[in-house]
There are 2 protein chains.
Amino acid sequence: MKNVDGVKYRMTKQKRVILEVLKNTKSHPTADWVYDKVRKKIPNISLGTVYRNLNILKNQGEILELSYGKGFSRFDGNASRHYHFTCEHCGRILDIETPEFMEMEHEVARQMGVKVARHRLEFYGSCPDCMTD
Amino acid sequence: MKNVDGVKYRMTKQKRVILEVLKNTKSHPTADWVYDKVRKKIPNISLGTVYRNLNILKNQGEILELSYGKGFSRFDGNASRHYHFTCEHCGRILDIETPEFMEMEHEVARQMGVKVARHRLEFYGSCPDCMTD
DNA sequence: CTTATAATAATAAATTTTCGCAACCTCGAA
DNA sequence: TTCGAGGTTGCGAAAATTTATTATTATAAG
């Protein structure tokens, strides 16, 4: 696999474990959470390595980076395009399997005179566990 | 006007100018851009004051904070709910006046068994000025 | 097995945003 | 108009997340 500069990527123990951790959780963890988790298997891994590989994996399309604006990013091992639901009470982030609403892109393109390449849609509210309030 | 702790907000010269700057631009500036702009009128204002007031104004519902995950926030003097289009070439952010797609919330609520309070929708692509590439 | 070089660990540094505090200013009450 | 409680400011330090640097190590091609 090569990146945009024609440089070969290598598969390392660190990168493999990072990807493994991310693929094996349904949560949408922060870089720090991944770091803690990976350290269980590679105790001397450095945080910089986690960040570097998360970026590489994102550029390779293996994972998604989600920005929720609290100053840090979250990562999603599910690289397929899908929406998210964030519970405003417990903070949990759930994947939504609803198919993409593509008509919106056409409508915006027509109305604004722009070319729409993609969109991002986030829902917020109460999850089933937090509904009783 | 009182905040959640029952504390009265005061109108200061600094807060007024900050709000003014934000209401008078169609761009979606960063805190630093607002800081530079406000300094033209209040040269000795501090960056901390800008951040403090941007947060207060956001909590008062006067402005919106937009997180695009590049490590910093953008602010929108247009506090009405609307979508945004980001040009991936020139970085410009445009307001979209399309009415909200509320049906999506119902669909997600039904399908996930959650209560949806709001959603955020962002479009990305090429703006009219950048279409020819 | 050798070798070129991509990746790592450790640490420093960059960036954005928040905090603590003494001095100051706002606004309602007298 | 004056007064005063307490919200606000400017400034510097501090957080918190992420990126860059560098000498060393480890991957993968031949």
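Chain naming here is simple, since letters A, B, ... match the order of the sequence lines and numbering starts at 1 in each.
In this pair, B:His82 and B:His28 present their aromatic rings tilted. The plane angle is within the 30 to 60° band.
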- Message: Run the side chain to side chain donor-acceptor pair (under 3.5 Å) test on B:Thr30 and B:Asp32 for me, step by step, so that the C-alpha distance in whole Å, both residues' side-chain angles and the decisive distance to 0.1 Å come before the verdict.
- Response: CA-CA 5 Å; B:Thr30 63; B:Asp32 210 62; 5.6 Å; no
- Query: Please walk me through it: do A:Ile45 and A:Tyr35 pass side chain to side chain contact (heavy atoms under 4.5 Å, CB included)?
  - Reply: CA-CA 8 Å; A:Ile45 195 174; A:Tyr35 175 50; 4.0 Å; yes
- Task: Give the intermediate values and the outcome of ring-ring contact (aromatic ring centres under 6.0 Å, His included) for residues B:Tyr83 and B:Phe101.
- Result: CA-CA 10 Å; B:Tyr83 304 137; B:Phe101 303 104; 5.8 Å; yes
- Verdict with reasoning, A:Lys41 to A:Glu20, per salt bridge (Lys or Arg N to Asp or Glu O under 4.0 Å): CA-CA 11 Å; A:Lys41 297 204 167 178; A:Glu20 221 169 83; 3.5 Å; yes
- Message: I need a per-nucleotide contact map over nucleotides 23-30 of chain D, read 5' to 3'. Cutoff is protein heavy atoms under 4.0 Å; write B for the base, S for backbone only, - otherwise.
- Response: ---BBS--
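Taking side-chain N and O atoms only, A:Asn44 has no distance below 4.0 Å to OP1 or OP2 of C:dA10. Between B:Ser46 and D:dC11 there is no side-chain N or O to OP1 or OP2 distance below 4.0 Å. The shortest distance between the side-chain N/O atoms of B:Arg52 and the OP1/OP2 oxygens of D:dT9 is below 4.0 Å.
One atom, OH of A:Tyr68, and another, P of C:dT17, lie 19 Å apart when rounded to the nearest Å. Across the protein-nucleic acid pair, A:Asn53 atom CG and D:dA20 atom P stand 15 Å apart, rounded to whole Å. Nucleotide C:dT17 holds its C1' atom 14 Å from the OH atom of B:Tyr35, rounded to whole Å. Atom-to-atom, CG of B:Leu47 to C1' of D:dT9 comes out at 13 Å; the value is rounded to the nearest Å. Atoms CD1 (A:Ile18) and C1' (C:dT8) sit 11 Å apart, rounded to a whole Å. In this structure, A:Arg39 atom CZ and C:dT8 atom C1' are separated by 16 Å, rounded to whole Å. Between the CD1 atom of B:Ile56 and the P atom of C:dT26 there is a distance of 14 Å, rounded to whole Å. Rounding to whole angstrom units, NZ of residue B:Lys15 and C1' of D:dG7 are separated by 9 Å.
By the 4.5 Å heavy-atom criterion applied to side chains, B:Met112 and A:Phe123 are not counted as neighbours. Side-chain contact between B:Leu54 and B:Glu65: absent, with no pair of heavy atoms (C-beta onward) separated by less than 4.5 Å.
In this structure, A:Glu122 does not pair ionically with B:Arg120, as no charged nitrogen and carboxylate oxygen lie closer than 4.0 Å. Comment: A:Arg118 engages B:Glu88 in a salt bridge, judged by a side-chain N to carboxylate O separation of less than 4.0 angstrom.
Among the protein residues, B:Ile45 comes within range of the sugar-phosphate backbone only, with heavy atoms under 4.0 Å from sugar or phosphate atoms but none that close to a base.
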Would you list the protein and nucleotides 15-17 of chain D atom pairs, both N or O, that sit under 3.5 Å from each other?
from: D:dT17; atom 1: O3'; to: A:Gly71; atom 2: O; distance (Å): 3.1

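Across every non-hydrogen atom of A:Pro128 and B:Val114, the tightest pair is CD-CG1, 3.5 Å. For B:Cys87 against B:Cys130, the heavy-atom pair with the smallest separation is SG-SG, 3.8 Å.
Distance from the side chain of A:Asn55 is smallest for D:dT19 among the nucleotides C:dT17, D:dG10, D:dT19. Taking the side chain of B:Ile42 as heavy atoms from C-beta on, and the options C:dT17, C:dA7, D:dG10, the nearest nucleotide is D:dG10.
With values rounded to the nearest 0.5 angstrom, B:Lys13 atom NZ is found 5.0 Å from B:Ile42 atom CD1.
Of the residues in residues 21-30 of chain A, not one comes within less than 4.0 Å of DNA chain C through any heavy atom.
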